[in-house]
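Indexing begins at 1, ligand by ligand and atom by atom, following the structure's order.
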Amino acid sequence: MDFETRAIHEGQEPDPTTGAITTPIYQTSTYVQEAVGVHKGYDYARVANPTRTALQECLASLEGAAHGHAFSAGLGAVTTLMHLLSPGDHVVAVNDVYGGIYRMFTQVYEPKGYRFTFLSAEEISRGLAPHLDERTRFVWLETPTNPALNIVDIQAASAAAHAAGALVIVDNTFATPYLQLPLELGADLSLHSTTKYIGGHSDVIGGLVATNDGAISEQLAFLQKSLGAIPGPFDCWLVLRGVKTLAVRMDRHCANAAAVASFLQGHPRVERVLYPGLPGHPGHEIAARQMRDFGGMVSFLVEDEQEAVDLVARTRIWKLAESLGGVESLIEHPARMTHASTADAPFAVPPTLIRLSVGIESADDLIADLDAVLGR
Ligand SMILES: *Cc1c(COP(=O)(O)O)cnc(C)c1O
């Protein structure tokens, strides 16, 4: 079945006892057993919950994966993945990784003796091999990256990582499985903050890991129950409800983002537009090869920092807020907001950069709002 159909039906058969077409919110902590150890597949809700099972089956299918594990947050998923490693192990990560992941790697795990090497998207795509050693366990990719929208060649990076015996993790939050299938391109694990496009309505925090590796999936199920970074049933239900419309939302996000990027590129007050759909973007060709379309995120640079800070507070439809991927358009200043934790890194976000999460409102309204605040 096609993506759009699986998003609505996979893992979501009508409830067998009542016929309810929508998967119920199984708001229960425990399950009654007929005899010791005799039950219907559920014993305690940290281990498994039917609403979570439906979500995991649906999202795994969308990623082209055999297994999916849902978590309390994108960062809950990352924390759980980090428990596959031990101090002394080495992780190579793209250097403009999501700010919260950079903070976790450098401020939580590095002091405990885990080792990290941060490389640019370009270095990872073209020359990863010399940076890998016998203790390199993860190659951590994000593509497109946040907020610079750099593109990593997943196929090339996976080949180099696998030759060195490392696992490849792709943070697929920006692209979503509708636009990009990391496992098909050679990655071992695909990671999501379902808070963003998959949930799509700015009303829930959640995470997911998908994989075709049965042994890793078993380890993740063990860690899910042993560490406890699990989502509640209502949160699972919200994500499941959101994902049903992912395909139509992404089509509109992409179309609106392309229109906004093209408007910005022609504007005299804009120094530079970062959007992988623009032919001049350094990752355009790789993106065109590994993505169905170029996504709903656009970044642009203005002349000076004060102008950027003032501008993001003056738009009317674009709301000044962190996060992304919801139906409503958001604008933010990463250097002082989402990416403040990378301020001291050599690859800090330029302070003149503004990030847009282009929503699914009317593109004309969105462009008019930006035009009004940009001035001439
Ligand atoms: C938001 C985000 C995360 C973290 O997810 P949470 O749900 O906020 O914990 C990870 N990666 C990317 C790319 C994100 O945008």
Check: R355 and N146 side chains under 4.5 Å, non-hydrogen atoms: yes

Nearest-contact summary for atom 4 (C) of ligand 1 - protein heavy atom, Å: Y98 CE2, 3.5 Å

Pairwise ring pair (Phe, Tyr, Trp, His ring centres under 6.0 Å) hits with a residue in residues 182-214, at least two apart: Y197-H253

Protein contact of atom 2 (C) of ligand 1 - nearest heavy atom, named by residue and atom, plus distance: K196 NZ, 2.5 Å

Any N or O of D171 closer than 3.5 Å to N or O of ligand 1: yes

Interfacing atoms of ligand 1 (cut-off 4.0 Å, heavy-atom, S193): 1 (C), 2 (C), 3 (C), 4 (C), 5 (O), 6 (P), 7 (O)

E271, CD: over 12 other non-hydrogen atoms inside 6.0 angstrom: yes

Partner of P177 under side chain to side chain contact (heavy atoms under 4.5 Å, CB included), chosen from L208, I198, L183, V243: I198

Modelled atom types, side-chain donor and acceptor of H39 and Q33, under 3.5 Å: no

Name of the residue among L274, V349, T338 meeting side chain to side chain contact (heavy atoms under 4.5 Å, CB included) with P147: V349

Protein heavy atom at shortest distance from atom 9 (O) of ligand 1: L75 N, 2.8 Å

Heteroatom distance test (G74, ligand 1): nitrogen or oxygen, under 3.5 angstrom: yes

Numbered atoms of ligand 1 (with element) below 4.0 Å of E142, judged on heavy atoms: 13 (C)

Contacts of type side chain to side chain donor-acceptor pair (under 3.5 Å), residue S125, not counting sequence neighbours: none

Option whose closest heavy atom lies nearest to atom 7 (O) of ligand 1, chosen from T195, T173, T145: T195

Atoms in ligand 1 with a heavy atom of G206 nearer than 4.0 Å: 7 (O)

